[in-house]
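Input: a single structure, listed below in structure tokens.
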Amino acid sequence: MIRDARVLRAGFVPQEVEHRDAEVNHLSSVLRPLTDGDPAETAIVTGPSGAGKTCISQFVTERLREEALDIEATYINCWRNYTRFRTLYQILDDIGRTIDIHRQSTPHDELIDRLQQYDGNRTVVILDEADQLEDTSVIYDLHSLPQFAVICITNNEEDLFGRVDDRLVSRLRASEHVRMDKYADEQLFDILSARVRCGLEEDVITDEQLYSIADAAAGDARLAIGILRTAASTADREAHGRITDEMLSDAATAARTQIRQKSLDSLTPHQRIVYDIIKDDGPVSPTGIYEEYVEEVEDPRTKRTVRTYLSKMSQYNLLVAEGTSRDRQYTLVTEATPSPTT
DNA sequence: AATCCACAGGAATGATAGGGGC
DNA sequence: GCCCCTATCATTCCTGTGGATT
């Protein structure tokens, strides 16, 4: 029933991108100078999650590499923990300059020097989720090196600009912007059916079912494909000839909880306790949370630290903060469960 | 209107862990 | 084993904000 599992995987870059011609052309034109060996501007790609930012960035760079021999590309996901050191390290690793670098005992400056001295091919560096960088100076580091072309991918450009220093902001504002929106349901449907054509046998899933996936995913292509993948693998495992509606709705909830679980697993015990307090007590004020927290643990951390936990968890989309100042309250992110119809 | 209070989050600092060089 | 490096986490101090209190 599964013909080609690759096309359903997260991170698969298709041969043809649906409904993103303008954005693809725009980004291509920014990177075009590279094919003549010239430096290219920094590009910023913004849009909500699952809008195809990562996909078109990789698609464009791959196509560029088909056209010109001497272009390298490296993809870095800055999501979580990506410090300046690790980012630089990974870039160097990808271009093969880490042979004699020791993971834990090399100064930053040494890494920068390596990059500066790099005299190999022009390289496209895709910084995915760049707004998640702990230390945005990496962008600055790269920006000033002509042999690297940078694509910064971010959900929200203000989040990114708010965290880089002023020198860079003005330069980034001047750089090329590719803005993307959520997919409409029909577009999502087209994307899904293209994947189904390559990935699944015939008649495994109906058009109506694809529409209901598109609807549940609310414009998020990554989520939509995730749902399709999970449902397909259930059907495959149970040796069912086709995907049932029940598998689909299970897959939809699974896809959501999976994302949440991943974030949850990365919490420290103390953070987890704070999370559970909010889960059990519903909307709580920061002081309420802290008092409860002090009750529950042996060696409580400071208030400031708990505040850091709270803002971290909101960033991970586990919590939402409502209200400002004194009436601020924290709640768990309400599970969005869009119903198939309506 | 002035003041107070709870809160958010930046910056600097310190403690601790772990890898490599010697 | 000691020294040097970085990472990571917590703490302390501090500034800014906005609603509440007087």
Side-chain angles (χ1 to χ4, degrees), chain A residues 76-94 97-116 127 129-142 154-169 262-278 281-333:
Chain A
I76 295 175
N77 192 326
C78 309
W79 173 246
R80 208 170 296 180
N81 291 334
Y82 261 100
T83 59
R84 187 180 180 201
F85 183 86
R86 283 199 223 171
T87 313
L88 291 171
Y89 185 88
Q90 200 185 328
I91 295 167
L92 284 163
D93 201 31
D94 284 352
R97 295 299 161 109
T98 41
I99 321 106
D100 54 343
I101 289 186
H102 313 296
R103 270 187 75 66
Q104 296 292 327
S105 56
T106 310
H108 281 140
D109 295 348
E110 172 70 20
L111 299 190
I112 304 278
D113 280 352
R114 288 294 172 99
L115 282 179
Q116 265 163 0
L127 293 177
E129 321 240 23
D131 53 332
Q132 296 295 330
L133 282 170
E134 292 270 308
D135 181 354
T136 51
S137 54
V138 193
I139 303 175
Y140 191 80
D141 297 336
L142 290 168
T154 171
N155 286 17
N156 179 342
E157 70 187 87
E158 292 312 318
D159 283 354
L160 179 62
F161 287 161
R163 307 191 44 241
V164 303
D165 73 290
D166 299 341
R167 292 172 301 175
L168 193 51
V169 171
K262 228 173 166 179
S263 311
L264 235 37
D265 288 344
S266 73
L267 298 180
T268 66
H270 280 270
Q271 292 168 337
R272 190 53 196 261
I273 287 165
V274 173
Y275 178 85
D276 286 339
I277 288 170
I278 298 165
D281 295 7
V284 225
S285 68
T287 12
I289 294 168
Y290 191 67
E291 282 166 7
E292 181 78 29
Y293 162 78
V294 171
E295 288 285 306
E296 285 192 27
V297 283
E298 285 285 306
D299 50 341
R301 305 279 186 258
T302 22
K303 254 186 153 166
R304 177 70 185 87
T305 304
V306 173
R307 246 181 281 147
T308 309
Y309 291 169
L310 291 171
S311 75
K312 256 294 195 276
M313 288 191 264
S314 327
Q315 269 206 6
Y316 290 176
N317 232 336
L318 292 169
L319 301 180
V320 273
E322 271 164 355
T324 57
S325 196
R326 284 195 144 150
D327 11 285
R328 172 155 280 212
Q329 299 216 303
Y330 285 92
T331 27
L332 293 200
V333 162

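Here is how names work: the chains are called A, B, and so on, in the same order as the sequence lines, proteins then strands, and each is numbered from 1.
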Quiz prompt | Heavy-atom side-chain proximity of A:I278 to A:L310 below 4.5 angstrom | solution =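 Answer yes - side chains close enough.
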Exercise. Would you indicate whether the side-chain heavy atoms of A:L264 and A:Y316 approach each other to under 4.5 Å?
Key: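 The answer is no, as the side chains (C-beta and beyond) never meet within the 4.5 Å cut-off.
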Please output the side-chain donor-acceptor pairs of residues 281-294 of chain A that fall under 3.5 Å, not counting sequence neighbours, one pair per line with the distance.
residue, atom, partner, partner atom, Å
A:S285, OG, A:G288, N, 3.2
A:Y290, OH, A:R301, O, 2.7
A:Y293, OH, A:H270, ND1, 2.7
A:Y293, OH, A:R301, N, 2.9

Would you tabulate the pairs of protein nitrogen or oxygen atoms and nucleotide nitrogen or oxygen atoms of nucleotides 13-17 of chain B closer than 3.5 angstrom?
none

Quiz item: OP1 or OP2 of C:dC9 less than 4.0 angstrom from a side-chain nitrogen or oxygen of A:T308, does that happen here?
Solution: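 So the side chain of A:T308 is outside the cut-off, no N or O lying under 4.0 Å from OP1 or OP2 of C:dC9.
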Quiz item: Can you find a side chain N or O atom of A:Y309 that sits less than 4.0 Å from OP1 or OP2 on C:dC9?
Solution: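 So the side chain of A:Y309 is outside the cut-off, no N or O lying under 4.0 Å from OP1 or OP2 of C:dC9.
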How long is the line joining [atom1] of [X] and [atom2] of [N], in whole Å?
X: A:Q329; N: B:dA8; atom1: CD; atom2: C1'; answer: 16 Å
X: A:L319; N: B:dA8; atom1: CG; atom2: C1'; answer: 15 Å
X: A:D327; N: C:dT17; atom1: CG; atom2: P; answer: 18 Å
X: A:I273; N: C:dA10; atom1: CD1; atom2: P; answer: 12 Å
X: A:Y290; N: B:dC5; atom1: OH; atom2: C1'; answer: 18 Å

Practice problem: Describe the nucleic acid contact of A:Y330 in one word from base, sugar-phosphate, nothing, applying a heavy-atom distance below 4.0 Å. | Solution: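 Sugar-phosphate: the residue A:Y330, judged by heavy atoms under 4.0 Å, touches backbone atoms but no base.
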Quiz item: So what does A:S311 touch, heavy atoms closer than 4.0 Å: a base, only the sugar-phosphate, or nothing?
Solution: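 Counting heavy atoms under 4.0 Å across all strands, the contact made by A:S311 is with sugar-phosphate only.
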Exercise. Mind checking salt bridge (charged side-chain N to carboxylate O under 4.0 Å, His left out) for A:R307 and listing every partner two or more places apart, or none if nothing turns up?
Key: none
Self-check item: OH on A:Y309 to CD1 on A:I273, rounded to 0.5 Å
Solution: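 Output value for this atom pair is 9.0 Å.
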Identify, with sequence neighbours excluded, every residue that meets side-chain hydrogen bond (donor to acceptor under 3.5 Å, both in side chains) alongside [X].
X: A:T305; answer: A:T302
X: A:D299; answer: none
X: A:T308; answer: A:R304

Practice problem: For DNA chain B, find the residues of residues 297-307 of chain A with a heavy-atom distance under 4.0 Å and give them by number; none if there aren't any. | Solution: A:R304, A:R307
Quiz item: Can you name the side chain to side chain contact (heavy atoms under 4.5 Å, CB included) partners of A:D276, sequence neighbours left out?
Solution: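 A:R272, A:K279.
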